[in-house]
Structures are given as structure tokens and as C-alpha cells.
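Worksheet: one structure, shown below.
All chains are named by letter (A, B, ...) in the order of the sequence lines, taking the proteins before the strands, and each is independently numbered beginning at 1.
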Amino acid sequence: MSAFQDKFDQAVWRVVAGIVPGTVMGYGEVARAAGFPRHARMVSRAMGRSAAPLPWYRVVRSNRTLAFTPGSEAWLRQKSLLESEGVQLKNGKVICAVQTDSVDLDRLLWGPAEE
DNA sequence: CCCTTGACTATCT
DNA sequence: GAGATAGCCAAGG
């Protein structure tokens with residue numbers, strides 16, 4: 001396991017786990033909050049490697065659409081989960097989620113952190 | 001080592 | 001607003 005992967009994984013996990021319920025973040029935002037601005041695509045890989053259950057469904061695309069192909073099982077699953085979190089959707093698009101913009105999240109996650 | 005893939009994103013047409 | 005193109009970067013074959 002690469003050192004890069006190890007650090008990246010943990011950073012991503014912490015960020016995703018710290019997403020406030022009822023809100024969503026983009027892959028790019030998560031990557032940026034984790035300290036890897038260019039690794040939006042690696043976020044998905046990191047989450048897939050997570051042993052602990054992560055609120056992956058709170059991670060959406062930059063345009064606030066769901067992460068998967070519309071109509072697919074995963075897509076429906078994510079939609080249901082988000083709705084149960086209180087996120088309001090419109091035809092598969094998030095219309096009313098608090099925009100964290102990684103500010104409070106950044107402080108929340110990286111304040112007492114090591115390194 | 002080369003090539004393809006991907007739960008991405010931004011930009012142009 | 002939808003489709004194509006180009007960057008992006010690590011992982012896996």
C-alpha cells in the first residue's frame with residue numbers, strides 16, 4: 001500500500017465522515033478539503049476502500065447531480081438515502097442542500113488533527 | 001512500461 | 001442545455 005494512498009484514504013474518509021447530515025459535497029470539494037485538489041476521481045476509489053461505512057451518498061458531482069447513471073440501482077439508492085437525510089431533490093438533482101463550501105468543515109476536521 | 005479505465009471537472013461547440 | 005473534448009492522476013491489466 002503506497003504511502004500516498006494511505007494518507008489520501010484517511011484524509012478522504014475523515015472529510016466524508018464529517019459531512020454534516022442534510023448537506024452534500026462535491027468530489028472536487030472533498031478532494032480539496034482532504035488536501036488533494038486534483039484528485040476528485042481518487043475520492044471514489046478511496047471510499048470504495050473504506051472498511052467503515054461512510055456516508056458516500058452525501059458526495060455528489062460538481063453540478064449537484066447524483067454520482068451515478070440516472071436510473072441505475074446505485075443512483076436510486078443514493079437518491080433514497082439523501083432524501084431520508086433531509087436533502088431535497090428535483091429529478092435527481094440536489095436543489096436544497098446546505099453549501100458547506102468546506103469552510104466550517106475544514107476547521108472542524110483539520111483543527112485538532114495531527115500533522 | 002504502455003494502455004485503458006474511472007462514483008471527476010471545466011470548457012467549448 | 002446537451003454532446004464532445006481535453007485535462008486530470010492513480011490503479012490495474
With DNA chain C as reference, determine whether Arg41(A) or Arg49(A) sits nearer its 5' end, using the nearest nucleotide of each.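 The residue mapped nearer the 5' terminus is Arg41(A).
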Can you list the steps and then say if Arg58(A) with Val16(A) is a side chain to side chain contact (heavy atoms under 4.5 Å, CB included)? CA-CA 8 Å; Arg58(A) 293 185 196 143; Val16(A) 175; over 6 Å; no
In whole angstroms, how far is the [atom2] atom of [N] from the [atom1] atom of [X]?
{"X": "Tyr27(A)", "N": "dA10(B)", "atom1": "OH", "atom2": "C1'", "value": "17 Å"}
{"X": "Phe36(A)", "N": "dC8(C)", "atom1": "CZ", "atom2": "C1'", "value": "15 Å"}
{"X": "Asp9(A)", "N": "dA10(C)", "atom1": "CG", "atom2": "P", "value": "13 Å"}
{"X": "Met47(A)", "N": "dA10(C)", "atom1": "CE", "atom2": "P", "value": "17 Å"}
{"X": "Arg32(A)", "N": "dC8(C)", "atom1": "CZ", "atom2": "C1'", "value": "16 Å"}
{"X": "Met25(A)", "N": "dA7(B)", "atom1": "CE", "atom2": "C1'", "value": "15 Å"}
{"X": "Arg64(A)", "N": "dG1(C)", "atom1": "CZ", "atom2": "P", "value": "14 Å"}
{"X": "Asn63(A)", "N": "dA2(C)", "atom1": "CG", "atom2": "P", "value": "10 Å"}

Before giving the answer on side chain to side chain contact (heavy atoms under 4.5 Å, CB included), spell out for Met47(A) and Tyr27(A) the whole-Å C-alpha distance, their side-chain angles and the decisive distance to 0.1 Å. CA-CA 11 Å; Met47(A) 284 194 287; Tyr27(A) 286 91; 4.0 Å; yes
Over all strands shown, is Phe8(A) touching base, sugar-phosphate only, or nothing at heavy-atom distances under 4.0 angstrom?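 Since no nucleic acid heavy atom lies under 4.0 Å of Phe8(A), the category is nothing.
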Just to confirm, is there a sub-4.0 Å distance from OP1 or OP2 of [N] to any side-chain nitrogen or oxygen of [X]?
{"X": "Ser62(A)", "N": "dA10(B)", "result": "yes"}
{"X": "Arg61(A)", "N": "dC8(B)", "result": "yes"}
{"X": "His39(A)", "N": "dC8(B)", "result": "no"}
{"X": "Gln5(A)", "N": "dA11(C)", "result": "yes"}

Is the distance between the ring centroids of Phe4(A) and Phe36(A) under 6.0 Å?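 Close enough - the centres of the two rings lie under 6.0 Å apart.
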To the nearest 0.5 Å, what is the distance between OG on Ser72(A) and CD on Gln78(A)?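 These two atoms lie 9.0 Å from each other.
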Could you tell me whether the side chain of Arg38(A) has a donor or acceptor atom within less than 3.5 Å of a complementary atom in the base of dC9(C)?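 Checked by distance alone, the answer is no.
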Let's go through Leu54(A) and Trp13(A) carefully: what are the C-alpha distance in whole Å and the side-chain angles of both, what is the deciding distance for side chain to side chain contact (heavy atoms under 4.5 Å, CB included) to 0.1 Å, and is it a yes or a no? CA-CA 7 Å; Leu54(A) 283 164; Trp13(A) 297 343; 3.4 Å; yes
Rounded distance in Å between the P positions of dG7(C) and dA7(B):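 Roughly 22 Å separates the two P atoms.
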Can you tell which of dT9(B), dA7(B), dA10(C) lies closest to the side chain of Phe4(A)?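 That would be dA10(C).
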